[in-house]
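To start, the structure under review is shown below, and the notes come after it.
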Amino acid sequence: MNAPPNAPHILLIRLSSLGDIVLSTAALAPLRAAGYAVSVVTKSEFASLWKGHPDIREVYAYDKKIGETEARQEFLQWARSKNFAFVLDLQNSWRTWSWRWALRGMAPVYVLGKPRLREWLVLVFRLGKFFGFGRGGRARRFRRLAEHALAVRGQFAMDSGSLTRLHISDEEKAAVKSLLPAGDFVVLLPGGAWKSKEWPYFSELAGLLARKAPVVVLGGANDNICESVAASARSVNKESRSLHGKTSLRESMAVLAHARWVIGNDTGMVHVAEALGKDVTMIEGPTHPQMGFSVYRERSLVLGLKLACRPCSKSGRICMRFGTRHCLYGLAVSDVTSRLRERGYPC
């Protein structure tokens with residue numbers, strides 16, 4: 001439910017990236033429960049992600065393409081007109097650091113600290129068992145900052161709903177219906193922002209899944225792997241298809257809202273699916289639940305090998321096993337399908 005027009009107003013800052021923005025929606029539940037109206041500032045390419053969100057009053061699209069100085073001035077001018085009760089900086093980057101002196105002249109600012117020490121304990125000293133973030137850990141950090149800001153103000157609103165949340169309207173779902181096969185289907189997300197996090201056997205998996213259900217492959221314009229994955233599925237089931245580069249962010253979200261099953265790499269769109277209420281499967285190579293970016297729903301599945309070198313980093317750019325990327329290439333299709341069958345996937 002939207003906050004009433006006279007509700008106290010706060011600003012939430014999360015500029016990027018896609019997955020982190022989705023995780024940052026975890027901060028909204030306690031703010032909603034406390035009766036606040038929330039405005040969000042995010043990069044223009046991600047502004048549509050927030051469309052229709054029942055906990056958001058306004059989205060400010062920050063466009064750095066017009067120049068950093070001009071964009072900053074426009075944003076601060078907008079912020080001054082809003083009379084915010086307080087500000088949550090969930091980005092904590094050099095850019096938002098440069099904003100904070102001006103924002104603090106308008107309202108109290110609460111900043112999400114960088115967990116550098118904790119990350120070192122996990123990545124360098126291999127103490128993830130004791131200091132790891134766990135499934136959904138990063139999203140819970142966003143929520144805890146919101147709860148802290150409320151506690152400072154003498155409010156202790158809690159919300160036991162879904163950790164992350166996005167919204168797709170019935171109209172948006174209806175608009176993509178013609179792009180989809182009839183009945184239940186699987187969505188595969190074989191690409192990602194980091195090639196070093198892509199599991200290499202999606203084509204084989206697609207062929208196996210397509211024997212029992214159509215496969216829809218989603219990906220951005222640069223995710224060229226999508227075409228070969230879709231071709232493998234189409235060779236088995238003609239209802240399978242690729243929507244690679246053919247859908248906008250909102251349209252891709254609507255496709256995910258229709259999906260019966262969703263499987264992908266450690267990538268933002270998997271988090272989008274969870275925030276839309278889907279139980280999903282995330283395949284992790286160099287990353288690990290100890291890093292806190294894994295999916296969190298009880299019925300969501302995280303697949304990865306038990307290796308001493310996992311996790312090695314957030315992106316896996318440098319492989320500690322002499323570039324062999326055993327965390328990805330060693331995860332066999334048979335191991336993945338056996339786990340998927342346990343969860344009712346059609347393979």
Side-chain angles (χ1 to χ4, degrees), residues 15-24 43 45-46 48-49 135-136 138-139 164 166 186-206 209 215-233 242-253 255-256 259 261-276 278 280-296 300-305 307 310-319 323-331 333 336 340:
L15 301 176
S16 64
S17 57
L18 177 64
D20 289 319
I21 291 173
V22 177
L23 297 180
S24 75
K43 285 186 178 179
E45 57 262 42
F46 301 117
S48 66
L49 191 71
R135 286 173 55 137
R138 303 282 180 158
T164 61
L166 293 172
V186 186
V187 166
L188 294 185
L189 301 162
W194 296 97
K195 301 302 178 185
S196 50
K197 293 164 66 173
E198 292 182 0
W199 187 56
Y201 306 127
F202 268 104
S203 291
E204 185 177 347
L205 177 63
L209 292 165
V215 171
V216 174
V217 184
L218 277 179
N222 295 324
D223 293 331
N224 296 322
I225 190 176
C226 293
E227 295 305 319
S228 60
V229 173
S232 176
S242 171
L243 298 180
H244 162 230
K246 299 176 183 177
T247 53
S248 67
L249 177 56
R250 295 295 302 181
E251 289 168 336
S252 296
M253 291 169 64
V255 171
L256 290 171
W261 303 278
V262 179
I263 308 170
N265 296 306
D266 178 1
T267 187
M269 290 304 291
V270 177
H271 292 299
V272 167
E274 266 208 316
L276 292 171
K278 298 293 179 179
V280 303
T281 293
M282 176 181 281
I283 298 178
E284 292 187 322
T287 53
H288 191 281
Q290 293 172 357
M291 296 300 297
F293 296 108
S294 299
V295 292
Y296 68 88
S300 288
L301 188 60
V302 181
L303 300 179
L305 293 176
L307 300 173
R310 286 187 65 225
C312 63
S313 69
K314 296 178 184 179
S315 64
R317 284 179 295 178
I318 300 174
C319 177
T324 60
R325 303 198 183 282
H326 184 65
C327 58
L328 291 167
Y329 286 88
L331 182 60
V333 174
V336 170
L340 291 176

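On a predicted model such as this, the values are computed, not experimentally measured, just so you know.
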>> Can you confirm whether Val186 sits close enough to Val216 that some side-chain heavy atom of one is under 4.5 Å from a side-chain heavy atom of the other?
In response: no

>> Working to the nearest 0.5 angstrom, can you tell me the gap between Cys226 SG and Leu188 CG?
In response: 9.0 Å

>> Test your reading of the model: is there a side-chain donor-acceptor pair from Ser228 to the backbone of Ile225, 3.5 Å cut-off?
In response: yes

> Are Met269 and Leu249 close enough, and set up right, to give a side-chain contact (heavy atoms from CB on, under 4.5 Å), and what steps lead you there?
Replying inline: CA-CA 9 Å; Met269 290 304 291; Leu249 177 56; 4.0 Å; yes

> Between Val22 and Ala275, which heavy-atom pair has the shortest distance, and what is it?
Replying inline: CG1-CB, 3.7 Å

> Taking atom CG of Leu331 and atom SG of Cys327, what is their separation to the nearest 0.5 Å?
Replying inline: 9.0 Å

> Which pair of heavy atoms, one from Thr164 and one from Ala139, lies closest together, and at what distance?
Replying inline: CG2-CB, 4.3 Å

>> For Leu205 and Leu340: C-alpha separation, side-chain torsions, deciding distance, then whether side-chain contact (heavy atoms from CB on, under 4.5 Å) applies.
In response: CA-CA 11 Å; Leu205 177 63; Leu340 291 176; 4.1 Å; yes

> Got Leu209 and Glu204 here, is their nearest side-chain heavy-atom distance under 4.5 Å?
Replying inline: no

>> Return the CG to CD distance between Leu15 and Glu45, rounded to the nearest 0.5 Å.
In response: 9.5 Å

> Under the 3.5 angstrom rule, does the side chain of Arg250 hit a backbone N or O of Ser48 as a donor-acceptor pair?
Replying inline: yes

> Which atom names give the shortest non-hydrogen contact between Ile318 and Cys312, and what distance separates them?
Replying inline: O-SG, 4.3 Å

>> Which residue in the set Val217, Val215, Asn265 passes side-chain contact (heavy atoms from CB on, under 4.5 Å) when paired with Phe202?
In response: Asn265

>> We want to know whether Glu274 and Ser300 form a side-chain donor-acceptor pair, criterion being a heavy-atom distance below 3.5 angstrom.
In response: yes

>> With side-chain contact (heavy atoms from CB on, under 4.5 Å) as the test, pick out the partner of Val270 among Val280, Ile283, Val187.
In response: Val280

> For residues Ser315 and Ser196, is any side-chain donor paired with an opposing acceptor at under 3.5 Å?
Replying inline: no

> Is it true that Glu284 and Arg310 make a salt bridge, defined as a side-chain N closer than 4.0 Å to a carboxylate O?
Replying inline: yes

> So, Arg135 side chain and Val295 main chain: donor-acceptor pair closer than 3.5 Å or not?
Replying inline: yes

> Hey, what do you get for CZ (Arg325) to NZ (Lys197), rounding to the nearest 0.5 Å?
Replying inline: 12.0 Å

>> Taking the side chain as everything from C-beta on, heavy atoms only, tell me whether Val336 gets closer than 4.5 Å to Trp199.
In response: yes

> Minimum heavy-atom separation for Ser16 to Phe46, with atom names?
Replying inline: CB-CE1, 3.8 Å

> Which distance, rounded to the nearest 0.5 Å, do you find between the OG1 of Thr281 and the CD1 of Ile263?
Replying inline: 5.5 Å

> Which distance, rounded to the nearest 0.5 Å, do you find between the CG of Leu276 and the CE of Met253?
Replying inline: 5.0 Å

> Is the backbone of Asp20 close enough, under 3.5 Å, to the side chain of His271 for a donor and an acceptor to pair up by distance?
Replying inline: no

>> Please give me the minimum heavy-atom distance between Val262 and Ala273, naming the atom from each residue.
In response: CG1-CB, 4.1 Å

> Any side-chain heavy atom of Asp223 sitting closer than 4.5 Å to one from Lys195?
Replying inline: yes

> Any donor-acceptor pair under 3.5 Å linking the side chain of Tyr329 with the backbone of Tyr201?
Replying inline: no

>> Between Glu198 and Leu328, is the side-chain contact (heavy atoms from CB on, under 4.5 Å) condition met? List the steps.
In response: CA-CA 7 Å; Glu198 292 182 0; Leu328 291 167; 5.7 Å; no

>> Please give me the minimum heavy-atom distance between Ala193 and Thr267, naming the atom from each residue.
In response: N-OG1, 4.4 Å

> Between the side chain of Ser242 and the main-chain N/O of Glu227, is any donor-acceptor distance below 3.5 Å?
Replying inline: no

> Taking the side chain as C-beta and beyond, is there a heavy-atom pair between Leu218 and His244 under 4.5 Å?
Replying inline: no

